[in-house]
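Each remark here refers to the structure printed beneath this line.
In what follows, chains are A, B, ... by sequence order, proteins preceding strands, each numbered from 1.
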Protein chains: 2
Amino acid sequence: MAKPGRPSTISDVAALASVSVGTASKALNGSGSLRPETRQRVMDAAARLGFRPNAAARALNEGRTYTVGMITTDSIGRFSIPILIGAEDALGAGRMSVFLCDARDDPIREEYYLRTLLGRRVDGIIVTGRRSQARPPIAADQPVPVVYAFISSADERDCSVVPDEVGGAAKAVEHLLAVGRRRIAHVTGPEHHHSAQVRAAAARARLTDDGLDFAVPALFGEWSEQWGRQAVSLLLASGTAFDAVFCGSDQIARGVADGLHAVGMRVPDDVALVGFDNWSVMALACRPPLTSVDMDLEGIGRVAANLLLAAINGEPAPGRHTHPCRLVVRESTAAPPGLAPRP
Amino acid sequence: MAKPGRPSTISDVAALASVSVGTASKALNGSGSLRPETRQRVMDAAARLGFRPNAAARALNEGRTYTVGMITTDSIGRFSIPILIGAEDALGAGRMSVFLCDARDDPIREEYYLRTLLGRRVDGIIVTGRRSQARPPIAADQPVPVVYAFISSADERDCSVVPDEVGGAAKAVEHLLAVGRRRIAHVTGPEHHHSAQVRAAAARARLTDDGLDFAVPALFGEWSEQWGRQAVSLLLASGTAFDAVFCGSDQIARGVADGLHAVGMRVPDDVALVGFDNWSVMALACRPPLTSVDMDLEGIGRVAANLLLAAINGEPAPGRHTHPCRLVVRESTAAPPGLAPRP
DNA sequence: GAAACTTAGGCAATCGGTTTCCAGCAGGCT
DNA sequence: AGCCTGCTGGAAACCGATTGCCTAAGTTTC
């Protein structure tokens with residue numbers, strides 16, 4: 001087994017097996033032509049010494065490091081984590097290791113990390129971060145492939161993987177229609193936020209397809225429970241009846257749920273509720289548990305990693321790739337007792 | 001600037017500056033004795049080619065990779081992230097890069113990652129993960145220093161950095177006493193969970209110091225809002241009056257807050273509330289915002305990283321290091337109007 | 001004017017593996 | 001018996017950078 005002290009080298013193995021280093025290398029890699037007996041002797045020696053080939057030495061003549069860099073532009077947060085996990089998963093399967101870099105929305109740090117990664121000769125780079133707008137490309141003409149995950153590059157030719165928010169919002173509305181709701185309101189984040197805009201527009205478009213519109217014009221605010229509670233007051237003040245609220249985030253939805261309870265309206269009997277993000281802490285703690293749109297961030301991470309691997313192997317897939325959202329149905333949109341779902 | 005294509009090597013730089021590679025190396029590292037003019041010529045050439053020294057080549061003869069591995073034993077979660085950020089921060093300052101490995105509570109994966117990291121000749125390893133018990137050492141006799149963060153190694157001689165949960169619980173109780181509460185209840189997670197036990201015992205011990213005890217014996221359940229709500233019913237059913245609840249987590253605290261509201265008890269006027277974790281999503285969304293014990297996970301990550309750096313530099317600090325918790329006071333423990341805080 | 005000394009910069013070994021080329025030896029064939 | 005072929009395994013170049021040693025100048029000194 002491995003002993004503490006200097007890790008053993010292939011020379012140690014060769015010496016122990018009484019062969020040259022070249023032969024030892026061939027034995028360990030299954031290349032060259034050696035007698036099975038010799039091969040075995042080398043393998044045994046390697047096992048006895050706990051030999052692990054030095055990755056740096058390998059990288060040196062192979063020209064590949066089997067390493068990728070992952071830069072999160074904003075600080076590592078709730079959205080980056082699942083992406084990170086997904087990517088790490090897909091890359092680990094390809095025997096690649098991940099360098100984690102947290103750029104914290106600081107261009108200086110980003111530049112520093114980029115240079116570090118290139119110095120380490122990573123085979124590729126994944127850029128991720130909270131998504132509000134497409135971001136400027138990390139730097140022009142990198143010597144290695146770059147894939148953007150969740151966030152997208154402003155340069156259309158760069159490879160980005162983003163959630164299909166349009167599809168997700170449409171699914172949410174479709175589901176509400178399917179459970180018989182017609183007077184649907186929408187409460188979401190700040191109007192200047194890309195996701196808020198896109199989701200609102202997509203939801204409305206889906207309603208239009210059925211000849212409907214929001215019961216009340218979309219309410220833009222912030223991504224907080226607080227705002228969700230406030231929004232309920234605004235909805236009630238509008239005087240318009242509504243039987244469902246599609247929310248731009250689970251946090252908002254939870255606030256809405258609280259607000260509705262406070263005035264004695266029942267979910268889902270009086271008002272059905274759909275959130276966005278499927279953030280389990282929120283969606284499951286909500287009473288009743290919240291139906292929500294899941295962007296499958298882990299899937300996005302995996303896809304991004306696989307696109308990166310493909311690019312590293314010389315098959316780049318430039319352009320913006322959208323990844324489907326899925327709807328996770330829970331009790332907050334259960335059909336009220338007397339109301340049959342639409343056929 | 002860097003051109004896409006093969007990254008330039010020191011030979012390229014040397015050729016462009018019309019010197020030998022050895023001289024180029026000396027010029028770039030400020031070693032040897034060279035004419036300032038020559039030095040400058042090399043620097044210019046390097047800049048023009050966007051030269052970045054190959055880290056693998058450097059690692060090869062320096063014997064150090066300026067790289068550490070970070071293994072999260074459970075899946076990367078809410079607790080690992082701040083630790084990760086703190087460690088990454090401290091290590092980045094030391095020009096080290098971090099390999100991220102997600103072992104998902106799977107010993108096979110853990111073993112695989114460990115071997116990978118050793119193959120990459122990392123200078124050290126940080127092991128982290130959700131904390132329920134001390135864990136078995138990652139493997140005996142590693143050739144590189146290992147530091148455990150948050151989680152701790154069962155081997156006392158290993159270097160671990162853990163939150164001072166005892167001190168944290170004591171601070172929570174002390175604060176409640178300071179704002180005039182005397183009938184304190186405790187609602188926490190599962191009894192078999194190490195943190196639940198430790199916090200409960202420490203809180204009780206602190207009460208004993210003042211000649212008090214829990215108003216109601218500690219309630220063990222699970223780490224969920226749901227349980228917090230249930231616990232309120234149990235507290236009320238006990239028939240014992242209480243003017244404060246110290247909760248084992250912010251999620252539980254939020255459940256308790258909800259439960260109290262539901263029966264018309266006011267926070268903090270009737271009952272003061274303290275949580276644990278200071279998980280901002282929970283603590284701030286709670287109404288009113290929640291006073292909570294902060295384990296300073298980011299600080300733990302930083303300390304662990306610095307201990308690792310010290311160990312790498314030949315100054316190991318074996319043993320279990322506790323890191324202080326701090327109490328973040330918010331409105332849930334504001335002194336009720338008519339009640340002056342204890343002097 | 002020559003010896004001693006300083007200085008600038010080249011040469012080559014080194015780190016740990018991989019890979020190509022080649023030598024030596026055994027066996028088969030004519 | 002001699003030649004050819006095939007199988008083994010060794011020697012050495014190479015990847016990119018660092019560093020110690022050494023030499024060829026130029027400078028100082030007697």
Atom-pair distance (CZ on Arg120(A); P on dA17(D)), nearest Å: 14 Å
Restricting to non-hydrogen atoms, name the atom on Ser160(A) and the atom on Ile151(A) that form the minimum distance, rounded to 0.1 Å. CB-O, 4.4 Å
N/O to N/O distances under 3.5 Å, protein versus nucleotides 5-8 of chain C:
from   : atom 1 : to       : atom 2 : distance (Å)
dA8(C) : N7     : Ser33(B) : OG     : 3.4

Give the C-alpha distance, both sets of side-chain angles, the deciding distance and a yes or no for side-chain contact (heavy atoms from CB on, under 4.5 Å) between Gln142(B) and Leu118(B). CA-CA 9 Å; Gln142(B) 291 312 317; Leu118(B) 293 178; 3.4 Å; yes
In this structure, how many angstroms lie between the P atom of dT18(D) and the CZ atom of Arg64(B), rounded? 15 Å
What closest approach, in Å, do Ile126(B) and Ala87(B) show between heavy atoms, and which atom pair accounts for it? CD1-CB, 4.1 Å
For Leu60(A) and dT18(D), what is the distance between atoms CG and P respectively, to the nearest whole Å? 12 Å
Every protein N/O lying under 3.5 Å from an N/O of nucleotides 17-22 of chain C:
from    : atom 1 : to       : atom 2 : distance (Å)
dG17(C) : OP1    : Asn54(A) : N      : 3.3
dG17(C) : OP2    : Ile10(A) : N      : 2.5
dG17(C) : O5'    : Asn54(A) : N      : 3.4
dG17(C) : N2     : Asn61(A) : ND2    : 2.7
dG17(C) : N3     : Asn61(A) : ND2    : 3.4
dT18(C) : OP1    : Asn29(A) : ND2    : 3.4
dT18(C) : OP1    : Arg58(A) : NE     : 2.9
dT18(C) : OP1    : Arg58(A) : NH2    : 3.1
dT18(C) : OP2    : Ser25(A) : OG     : 2.8
dT18(C) : OP2    : Asn29(A) : ND2    : 3.1
dT18(C) : O4'    : Asn61(A) : ND2    : 3.0
dT20(C) : O4     : Lys26(A) : NZ     : 3.3

Kindly determine whether Asp105(A) and Arg130(A) satisfy side-chain contact (heavy atoms from CB on, under 4.5 Å), including the steps that lead there. CA-CA 10 Å; Asp105(A) 257 333; Arg130(A) 198 184 31 210; 3.6 Å; yes
Angle between terminal axes - the helix from dG1(C)-dC30(D) to dT30(C)-dA1(D), 5 pairs each end, rounded to 10°: 70°
Smallest separation among heavy atoms of Ile71(B) and Ala103(B), with atom names: CG2-CB, 4.1 Å
Nearest-Å distance for atom pair CG/P, residues Asp12(B) and dG16(D): 8 Å
Rounded interatomic separation in angstrom, taking CG from Leu49(B) and P from dA17(D): 11 Å
Name of the residue among Thr65(B), Ile312(B), Thr67(B) meeting side-chain contact (heavy atoms from CB on, under 4.5 Å) with Met96(B): Ile312(B)
Once you round it to whole Å, what is the distance between C1' of dT8(D) and CD of Gln40(A)? 17 Å
Donor + acceptor pair across side chains of Arg120(B), Ser97(A) (<3.5 Å): yes
For Asp155(A), what residues pass the side chain to side chain donor-acceptor pair (under 3.5 Å) criterion, not counting sequence neighbours? Arg157(A)
Inter- and intrachain pairs under side chain to side chain donor-acceptor pair (under 3.5 Å), touching residues 295-315 of chain B, at least two apart: Asp296(B)-His323(B)
Closest approach of Asp158(B) and Pro137(B), non-hydrogen atoms and distance? OD2-CB, 3.6 Å
Residues which pass side chain to side chain donor-acceptor pair (under 3.5 Å) with Thr9(B), listed by chain and number, not counting sequence neighbours: none
